[in-house]
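Structure first, commentary second.
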Amino acid sequence: MSQEQTKKTDERFDKIATFLIASVAILVAITAFLQNYTANISDVANRRAQERALDATTREIYGAIQYSYQWQGAYQTWKEIDLQIVAAEQSGDTAAAERYRQLKDKIAALSPMLGLDYFDPTADSYPDTYKYESDAYLVKATKLTEEYLAEAEVGRVAGEISDSFIVQITLLTVSLSLYGLSTTLKGRIRWMFVLVGSGIVGICLLGMVWEMLLLIARPVVSMPAINNYSEGVGLNYQGRSDEAIAKFDAALAEKPDYARAAYDRGTAYYNKGDLNRAIQDYQLARELGLDDVNIHWNLAWTEYLAGRYQDAILTNDEILSTDPSILGMRMNQGLTYLAMGDLTNAENEYNLLIQEAERQVSEARDNSREPSASLWYYMDAGTIDLQNLIDQLDNNPKAWTQAPTLDLITGDRDKIREFAYQQMVRLKEAIVALEYTGRLPSTTEVMQVEPFVFGKITEVDEQGLISGFEENSEAVFPNGTAAVTVEFTYSGPAPQEQMVWKLYYNGTEDQSMRKWETADISTNTTWYRTFGYDYTNVFVLSSGEFVVELYADSRLVQRGTFYIENP
Amino acid sequence: MGSDRFKSFVSVLVAIVTVLGALTAGLAAKASSDAGDEDVGGMAAAIGSQKADIVNEVYAYEHYRAYTAYTRYLELGNLLNDPNADETTKQLLYNQQQEAWGVADGIISTFFQGHYIDPDGTYDLNRELQEARAEDEQSNDLNFAPYFDKADSLRAQSSFLIGNMIVFAVSFWFLTLAQVMENRFKYFMAVFGILLGLAGILGIFIGRFLL
């Protein structure tokens, strides 16, 4: 090739390279514009999200402050005066009772929660606090929280698109460098630079188209869906499940990928007792991206109640395999194995549970801290679940029983019942021991207590010692009974460390009735413990089932049941 | 115009357009940065506003709780009066009445301000909240809306200026073509380039001063 030809070829190449550089400059400018546009969308959405988060928190706090006043400022005052009326009437002071009645009306006028929308002062019931809270702040705060989450999602998606555009601008700058460098080179190598540079530009063009499609399809804040969802949350909180489901349906119709609406609809179905629909909705919520511990917990529990034990085990395992410290789910896993008659795996789960509880208590004590109260809370719940299963196996379900129906419990029911009772006792003893001593119960011999005798004290001598006790052999007391006394007789060694009394009313411990004693009882073998309100003329024991438990040195030595009849 | 002089002229124009493009990018970046600053300022005012409102709400309901107790004792005192009672009972009721009104007075003098009680005896909670808010606004900037409005305006400015860069890029493209072309179309290219450059300059003024 002659010099003249070479020169012409070089000039032509330079012109092509210059043209490409100028063209890519336009592309850079367009990409920069798109980047700026999406970054602005992201910034504004993130700012709105922060505003909504702040508003939601404030709304909740306002609600809590107002509710605190309504409940403890107004209603407590109203209730105190109401109790004064009872006391005045019991004493025969009708004039005082009338004065208090008029005063009660004055106080009621100060509180919206004591208005007719939420409270019937003539009925012997509490104000409808759920409705009040829902109207006062819950729906509004939920709406703001949902707006926050939706705006944050918009901000996140737009931010990611904006970041992609920044990458593209960087790549386009590289291609500009390659084009520029190609003009300084000779021969075929310069075409290689142009080729690579153009390849990068092609990739960027494809990327730009893709990101623009993502930008067009970005999530939006659907206010109709949020409004329906928030109202559904308020209705669900009030126990109005059917109306709540209708609202969640409407929210999902507006926004079919609304995971929390699916989750809460599942809870509404659960509250209605429609376990299969609840499971479907929990699974739908998971498919839509809600994948936290709570949803697994609730799903596994519902699967357990519905008798879908294998599903429940898999659901529990998804969480427990990565976080074995969640005691509540560990207990549910043990319970599930138990209900399906797999006692080996059930025992394994309860062993793991006790070990984990002991580890958490030791760790807290080693760090001079108290163990988390949630530890007792969940372990207590575990014992209640076992008692519920036992009640079901005994074909004696209570109004509060939550367990699979009897036909869903598979395996040898007698063995399951025996095992459930053993585990319940073991758990109860572990709870008392860990709570009061920080270690598991010892295996040393403890006192043996004869079955409790329930009755009432009829006579007290001059020293204040009980000299008369009237047994109620049926352990069924008439409505209006103020207190019931337990007579217990023991043999063997007296407790060395402590005695703990627990009283369960309709399946749940009444912690105000818990007694903890360290007194020496070795001076006698028969003792009495009274539960109730015999020290005032205002209260009586409510009608229902009362279970009394006695722990000696953290070992459950006796439990018995008495009943108060309905009015 | 000779070919070399034309090329030199166009080169100067390319340089000017490039500098103007860089200036536009700088102005856009500044506007974007200022928008971020305004957002931070607005969020600080919003947090201050919410904090003030929460504290005021706490105090107002604390006072309203005291007012409830005050009402209880005041009304009880009013009711402790029975003209048909015998002298002993009357004296007993009188003593109780004095005690109840004394407690009511003690509460009003210590735990809330009596001037929030309206003539009909109700407590004006809103007035207390509004007065507290007004007091807060005297010492703190709690109005976040102007900050956010300004931030939105600056973002619009930034977007416009970045969009204006496309105009300069296209101008640059035409001028580059004018420089590499050898036929008479190069003049058309140059004219397009110049016109777009002028539009870009106008865009800078609009973006910087009118938005």
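All values derive from a computational prediction rather than experimental measurement. Every chain is numbered from 1 and lettered A, B, ... according to where its sequence line falls, protein lines coming before strand lines.
Relative ring orientation between F174(B) and F192(B) is described as tilted, the plane-to-plane angle lying within the 30° to 60° band. Using bins of under 30°, 30° to 60° and over 60° for the plane-to-plane angle, the ring pair F148(B)/F144(B) lands in the tilted bin. Ring-plane geometry between Y67(B) and Y123(B) is classed as tilted, the angle between the planes lying from 30 to 60 degrees on a 0 to 90 degree scale. The aromatic rings of W71(A) and Y75(A) sit tilted, their planes meeting at an angle between 30° and 60°.
For chain B, no part of E11(A) is nearby; none of its heavy atoms comes within less than 4.5 Å. Of the atoms belonging to I47(B), heavy atoms from both backbone and side chain fall under 4.5 Å from chain A. Looking at D14(A), there are no atoms closer than 4.5 Å to chain B (heavy atoms on both sides), in backbone or side chain. Contacts of S68(A) with chain B are made by both backbone and side-chain atoms, with heavy-atom separations under 4.5 Å. Within the 4.5 angstrom heavy-atom criterion, no atom of Q76(A) approaches chain B. Contacts between L54(A) and chain B at a heavy-atom distance below 4.5 Å involve backbone atoms as well as side-chain atoms. Of the two parts of L103(A), the backbone and the side chain both hold a non-hydrogen atom closer than 4.5 Å to a non-hydrogen atom of chain B. The parts of E51(A) that come within reach of chain B are both its backbone and its side chain, each placing non-hydrogen atoms under 4.5 angstrom from that chain. Looking at L80(B), the atoms closer than 4.5 Å to chain A (heavy atoms on both sides) sit in the backbone and in the side chain alike. For Q35(A), no part lies under 4.5 angstrom from a heavy atom of chain B.
Per-residue counts of heavy-atom pairs under 4.5 Å with chain B were compared for A96(A), G73(A), S111(A), A109(A); the largest is that of G73(A). Contact tally against chain A (heavy-atom pairs below 4.5 Å) for D152(B), D82(B), L177(B), T122(B): the top residue is D152(B). The greatest number of non-hydrogen atom pairs below 4.5 Å with chain A, out of N164(B), V167(B), V170(B), is found for V170(B). Chain A forms more heavy-atom pairs under 4.5 Å with one residue of L93(B), V14(B), T68(B), V58(B) than with any other, namely T68(B). Between chain B and the options Q66(A), Q50(A), Q102(A), heavy-atom pairs under 4.5 Å are most frequent for Q66(A). Interface summary for chain A: among D39(B), T89(B), T71(B), the most heavy-atom pairs under 4.5 angstrom belong to D39(B). Chosen from Y62(A), Y37(A), Y100(A), the residue pairing most often with chain B at heavy-atom distances under 4.5 Å is Y62(A).
A salt bridge links K106(A) with E75(B): the distance from a Lys NZ or Arg NE/NH1/NH2 to an Asp or Glu carboxylate oxygen falls below 4.0 Å. At a threshold of 4.0 Å, the pair R218(A)-E211(A) does not count as salt-bridged, since none of the basic side-chain nitrogens sits closer than that to a carboxylate oxygen. Between R190(A) and D10(A) there is a salt bridge, since at least one side-chain N of the basic residue sits less than 4.0 Å from a carboxylate O of the acidic one. With salt bridges taken as basic N to acidic carboxylate O contacts below 4.0 Å, one links E131(B) and R127(B). Salt-bridge formation is detected for the pair R72(B)/E80(A): a Lys NZ or Arg NE/NH1/NH2 atom is positioned less than 4.0 Å from an Asp or Glu carboxylate oxygen.
Residues A190(B) and A178(B) share a closest heavy-atom pair of N-CB, 3.7 Å. Minimum heavy-atom separation, M181(B) to K186(B): O-CD, 3.6 Å.
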